[in-house]
Every structure is written in C-alpha cells, then in structure tokens.
Amino acid sequence: MTHPRSELDKELLSPLRLSVLAALSRVGEAEFAAIRDAIETNDAELSRQLTRLSEVGYLLIEKQRSGRYMKTWLSLTKAGRAALTAHIAALKRITDS
Amino acid sequence: MSSHEVHPQDAATILAETARLAAKMSKDVYAMRVAMVGLAAATVFGLLIIGLVPSIGAIIASTVAIVAASIPVSLVGATARARDRAFSHRYLLTIGCWALLFAVTIVIGMFLFLQVWGFWIPAAILCAIPPVVFVITGSRAVRP
C-alpha cells in the first residue's frame with residue numbers, strides 16, 4: 001500500500017498554483033485580478049504560475065472584451081479539476097494517516 | 001526531506017486554505033444567482049398585481065418592485081469578478097427572453113385579459129422562467 005503523499009500532484013505542490021486552482025474550483029471563471037487579490041500575490045508572480053498551469057493543461061486563459069478594455073479570465077480545464085480533486089483527496093488521506 | 005513530504009498538520013492547513021479560497025471566490029457567483037431569483041420573484045409578484053389589481057397604486061408598486069429587483073441583476077452582472085461558465089451569453093439570453101416575455105405579457109394582458117386569472121398566473125410564471133433557468137444552468141456549469 002503506497003503512502004498518499006505519492007498521489008500528490010507535482011504541479012500542485014506549489015502553494016500558489018494550488019491556490020489558483022482552489023480559487024477557481026467553485027466558479028466557472030474568474031478575472032485575473034480577482035485571483036491575484038484572493039491569493040495575495042502580484043501580477044508578475046501570478047502570470048508565471050498561470051503560464052505553468054496552462055502549459056500542463058490545468059488552466060484555460062481567455063481574453064474577453066469588457067467595454068473599452070480587454071480582461072483576462074481564468075477557468076479550470078477538466079484535467080485541472082481532476083488534478084485538484086485527486087490532490088485534495090490525497091491531502092485528506094494524509095490528514096487521516 | 002522529500003519535496004513530496006507533507007505532514008498531516010500541513011495537509012490540514014492546506015485543505016483549510018483551499019476551502020477558504022473556494023468559498024471566497026464563489027460569492028459573486030451566488031450573488032448573481034440570488035439576484036436572478038429575486039428578479040423571478042418580483043416578476044411574478046409584479047405581473048399578478050398589475051394584471052389582477054389594475055389600480056394606479058398597484059401598477060406603481062409593481063413597477064417599483066420589478067425595477068428594484070433588476071438593479072442587483074445589472075450591478076452584479078457588470079461588476080462580478082467571478083462567474084459561471086458562458087456567463088455573458090447566458091446572461092444576455094436570459095435578460096433578452098425575460099424582457100420579451102414581459103413586454104408581450106403586459107401588452108396582451110392589459111388590452112385583452114385584464115383581471116383574467118387564467119391569463120396572468122401562467123403568464124407570470126412563464127416570465128419568471130428565464131431567470132430561473134439561468135440559475136439552474138449556472139449551477140450545472142460549475143459541477144465537475
């Protein structure tokens with residue numbers, strides 16, 4: 001029987017990346033600025049983490065027009081939601097161990 | 001220590017933080033759903049009053065109620081930083097259908113079916129359907 005820590009998602013061992021996915025877990029999509037404020041980081045660091053999450057297929061990044069401006073909207077992909085669910089399940093088993 | 005090493009206490013802290021973030025971000029989503037439910041309720045109330053109690057006071061009160069219910073829908077729609085998937089499309093479709101049904105109900109009802117329960121009750125329910133569908137389809141859009 002393997003320890004639940006082996007089921008932790010490597011990408012989500014980063015607290016910021018996990019926080020991004022967690023923040024998006026109960027919404028369809030959220031603004032870049034809203035995520036930045038919620039997880040209390042800056043634009044540059046968040047952009048770096050979002051790029052990584054997008055590269056591994058966990059995150060969808062879209063630009064949408066809002067009046068005169070373009071806004072960046074973030075949403076979980078199916079793979080991202082599955083990874084988050086599995087990671088949280090592993091964390092719960094660790095708390096129980 | 002392995003980079004994968006997570007102690008139970010740390011895991012519990014991480015889980016609490018993820019739950020906190022999820023709840024924080026979903027407030028705007030729930031606010032829009034509450035606003036839409038409010039619009040549906042005000043629509044039913046307002047149309048029944050307008051159609052079945054055709055006095056000036058009743059019409060004014062109903063109009064105020066419906067306008068008051070539509071303000072949060074507009075405000076939250078314009079300012080929400082977190083929302084259900086395909087929000088813009090669904091929002092415009094909902095408001096468009098609601099406005100069309102409402103206008104048709106008022107025009108037909110006021111000219112042909114004043115104080116006719118058999119018209120105003122189903123018409124009021126029909127007009128409330130678009131915002132209710134918005135809430136139902138929105139909650140489905142978030143589920144994994």
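Everything numeric in this text was worked out from a predicted model, so none of it was measured. All chains are named by letter (A, B, ...) in the order of the sequence lines, taking the proteins before the strands, and each is independently numbered beginning at 1.
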Best-contacting candidate, A:Leu76, A:Ile88, A:Leu74, A:Asp96, against chain B by heavy atom pairs under 4.5 angstrom: A:Ile88

Select all residues of residues 35-43 of chain A having any heavy atom within less than 4.5 Å of some heavy atom of chain B, and report them by number, or 'none'. A:Ile35, A:Asp37, A:Ala38, A:Ile39

Mind listing the closest non-hydrogen atom pair of [X] and [Y] along with its distance?
| X | Y | answer |
| --- | --- | --- |
| A:Trp73 | B:Arg81 | CZ3-O, 3.6 Å |
| A:Gly28 | B:Arg85 | O-CD, 3.2 Å |
| B:Ser88 | A:Gln64 | OG-OE1, 4.5 Å |

Is [Y] reachable from [X] through a run of hydrophobic residues whose side-chain heavy atoms are each under 4.5 Å from the next?
| X | Y | value |
| --- | --- | --- |
| B:Ile71 | B:Val135 | no |
| B:Leu93 | B:Val133 | no |
| B:Ile121 | B:Ile108 | yes |
| B:Phe113 | B:Ile50 | yes |
| B:Leu101 | B:Ile125 | no |

Checking side chain to side chain contact (heavy atoms under 4.5 Å, CB included) against B:Ile14, which of A:Ile94, A:Leu12, A:Leu18, A:Thr95 comes through? A:Leu18

Rounded to the nearest 0.5 Å, what separation is found between the OG atom of A:Ser75 and the CG atom of B:Asp84? 12.0 Å

Between CZ on residue B:Arg83 and CD on residue A:Glu29, distance to nearest 0.5 Å: 4.5 Å

What part of [X] gets within 4.5 angstrom of chain B, counting heavy atoms only: side chain, backbone, both, or neither?
| X | answer |
| --- | --- |
| A:Glu62 | side chain |
| A:Lys78 | neither |
| A:Ala33 | both |

Please classify the contact of B:Ala23 with chain A as side chain, backbone, both or neither, using a heavy-atom distance under 4.5 Å. both

B:Ile56, CD1 atom: more than 12 neighbouring heavy atoms under 6.0 Å: no

side-chain contact (heavy atoms from CB on, under 4.5 Å) filter on A:Thr77, not counting sequence neighbours, yields A:Leu60, A:Ala79

Heavy atoms under 4.5 Å from chain A: which residues of residues 15-22 of chain B carry them? B:Leu15, B:Thr18, B:Arg20, B:Leu21, B:Ala22

Who passes salt bridge (Lys or Arg N to Asp or Glu O under 4.0 Å) against A:Lys71, sequence neighbours left out? A:Glu31

